[in-house]
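In what follows, chains are A, B, ... by sequence order, proteins preceding strands, each numbered from 1.
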Amino acid sequence: MTKTDSALKADVTNELIWDPSIKETAVGVAVKDGVVTLTGHLDTYAEKDAAIRAVRRIDGVKAIAVEIDVRLSPSHQRSDTDIARSVELALKWNASIPPDSVRVVVDHGWVTLQGEVDWNFQRGAAESVTRILKGVVGISNDLKLKPKALAADVSQKIEEALKRQALRDAQHIQVVVAGDVVKLTGTVHSWQERRAAEGVAWSARGVRSVVNDLQVV
Amino acid sequence: MKQDCELKQKVLAELEWDPAIDAGPIGVAVEDGVVTVSGLVNTFAEKAAVAAAIDRVAGVRAVALEMEVRLAIPHRRSDGEIAASAEQALRSNTLVPSDAVRLAVEKGCVTLQGEVPWEFQRRAAERAVATLIGVVEVRNEVTLQTSGQVANVAQRIEEALGRQASREAARIHVAVEGTTVKLTGLVNSWHDRDMAEAAARAAPGIDSDQRVAECMSCAEPFTSIPDPSQRTAAIEREAAPVSRG
């Protein structure tokens with residue numbers, strides 16, 4: 001059973017109200033054919049990110065278009081030099097990110113992360129520590145993964161991990177490995193499971209890219 | 001017991017699989033679905049990764065983390081250095097209200113104190129320091145401010161669950177007793193359980209009693225149906241102030 005657009009819009013709006021980390025009055029919601037468009041201005045990048053996550057949580061959302069820009073409040077304004085310094089400090093002090101592996105470029109509050117790390121969770125960690133910093137209005141995560149020998153039987157190992165984690169839809173997920181690219185196709189029941197399945201695929205040694213074509217039904 | 005043996009194999013496989021974990025020095029014992037992990041980890045972040053990895057495995061009823069964080073030499077920092085970096089991490093964090101959280105560091109253990117309006121801010125403060133180099137433990141003693149009782153909290157949590165996953169919501173029961181939210185029922189996976197818990201955590205204006213903060217932050221205890229073939233996990237959260245690790 002699919003939700004109507006107006007029911008979906010009500011759900012998205014209520015979820016934004018429900019989430020205390022989002023100033024929901026600043027966000028406009030439009031829904032057409034299950035595609036949710038968010039518009040407006042928010043104070044921080046973390047808040048923009050929270051708004052996107054809130055929409056992802058909702059049953060029946062097919063896709064999200066984000067037309068929100070970040071307009072920093074005066075108390076959060078920082079020079080690019082200050083932002084670069086605080087990103088560098090945050091990266092340097094993070095226990096999961098290898099030292100000196102990430103280069104930081106800041107342009108009008110937009111942070112680009114460049115370089116090579118060993119694992120996708122380190123890419124994620126670099127982005128997480130940056131996302132919440134004052135002055136950041138956006139992030140381009142251009143971190144690449146170092147090439148590594150692909151683990152043997154990758155697709156089988158990914159399938160085993162999906163089963164171990166009791167992903168309800170494990171049997172509906174097809175795993176195809178081509179070179180260092182893993183492609184996931186099939187259906188899952190929620191965005192959480194879609195993300196979890198992607199996380200599983202990223203954990204395979206040697207995988208440098210995951211194409212997540214899982215449909216949420 | 002056969003089931004325990006299988007569960008142990010699964011837990012070991014999941015620890016091996018997770019690239020954030022060096023599984024070599026970690027020992028795993030399982031009895032009646034209760035997993036005890038012991039041994040050494042290199043960082044506090046790794047300890048958290050171990051806890052999360054075990055949580056993901058189907059059939060785990062409870063977890064005891066008897067691990068010691070032994071920092072590698074390049075990760076050792078003085079308490080003064082840790083305090084300075086933790087201060088900076090809190091100050092530059094957009095989610096943590098300015099000057100709301102105080103911190104103290106002793107032998108790498110960071111204690112956070114203060115008062116914030118929301119649970120997400122409390123957790124943001126914890127996350128901001130938990131990943132720092134040199135940290136071996138975090139004690140989050142930040143409490144939530146009084147925001148006054150909001151009407152129909154249980155109903156609002158149920159609505160939030162319904163928005164997020166209508167199939168599961170019908171099988172989850174929400175009870176609010178004073179300062180405690182208790183979720184019971186069956187879900188299909190641990191991911192669904194996490195989703196339900198996150199929805200409850202976001203509940204606004206539940207009574208400001210200290211116990212709410214404790215309760216809302218604890219990940220354990222959970223109970224689950226030990227038969228993994230059923231692919232179900234019961235959600236049950238008690239008010240007991242159990243903190244992870």
### Portion of B/Arg77 that has a non-hydrogen atom of chain A nearer than 4.5 angstrom
side chain

#### Entry: Region of A/Ile158 in contact with chain B, defined by heavy-atom distances below 4.5 Å
both

### Query
Checking heavy atoms, do the side chain of A/Ala204, its backbone, both or neither come under 4.5 Å from chain B?
both

### Query
Just by distance, do the side chain of B/Thr94 and the backbone of A/Lys134 share a donor-acceptor pair under 3.5 Å?
no

### Heavy atoms of other groups near A/Arg195 CZ, more than 12 under 6.0 Å
no

### Query
Pick from B/Leu132, B/Val11, B/Val135: which one has the most heavy-atom pairs with chain A under 4.5 Å?
B/Leu132

### Task
Determine whether more than 12 heavy atoms belonging to other residues, nucleotides or ligands lie under 6.0 Å from atom CZ of B/Arg76.
yes

### Query
Which bit of A/Trp93 is near chain B, if near means a heavy-atom gap under 4.5 Å: side chain, backbone, both or neither?
both

### Message
If you compare all heavy atoms of A/Ala46 against all heavy atoms of B/Leu95, which two are closest, and at what distance to 0.1 Å?
### Response
CB-CD2, 3.9 Å

#### Entry: A/Gln174 CD: over 12 foreign heavy atoms closer than 6.0 Å
yes

### Query
So, for A/Ala95 and B/His75, which heavy atoms are closest and what is the spacing to 0.1 Å?
O-CE1, 3.5 Å

### Under 4.5 Å from a heavy atom of chain B, the part of A/Ser21 involved
both

### Message
Quick check on B/Glu159 against chain A: is it the side chain, the backbone, both or neither that has a heavy atom closer than 4.5 Å?
### Response
neither

### Nearest heavy atoms of B/Arg163 and A/Lys3, plus distance in Å
O-NZ, 3.4 Å

### Message
Let me confirm one number: the CZ-OG distance from B/Arg91 to A/Ser86, rounded to the nearest 0.5 Å.
### Response
10.5 Å

#### Entry: Most chain B-contacting option - heavy-atom pairs closer than 4.5 Å, from A/Glu15, A/Arg131, A/Arg57
A/Glu15

#### Entry: B/Thr43 portion near chain A, given a 4.5 angstrom heavy-atom threshold
side chain

### Query
A/Leu133, A/Asp19, A/Leu89, A/Asn120: which one forms the most heavy-atom pairs within less than 4.5 Å of chain B?
A/Leu133

### Task
Give the member of B/Ala124, B/Ala45, B/Ser85 that has the highest number of heavy-atom pairs under 4.5 Å with chain A.
B/Ser85

### Message
What's the separation between atom CG in A/Asp59 and atom CG in B/Leu161, rounded to the nearest 0.5 Å?
### Response
11.5 Å

### Message
With a 6.0 Å cut-off (strictly less than), is the heavy-atom count around NZ of A/Lys148, excluding the residue itself, greater than 12?
### Response
yes

### Message
Can you tell me which portion of A/Lys157 sits under 4.5 Å from chain B's heavy atoms? Options are side chain, backbone, both or neither.
### Response
both

### Task
Considering only heavy atoms, give the residues of residues 16-25 of chain B separated from chain A by less than 4.5 Å, sorted numerically, with 'none' for an empty result.
B/Trp17, B/Pro19, B/Ala20

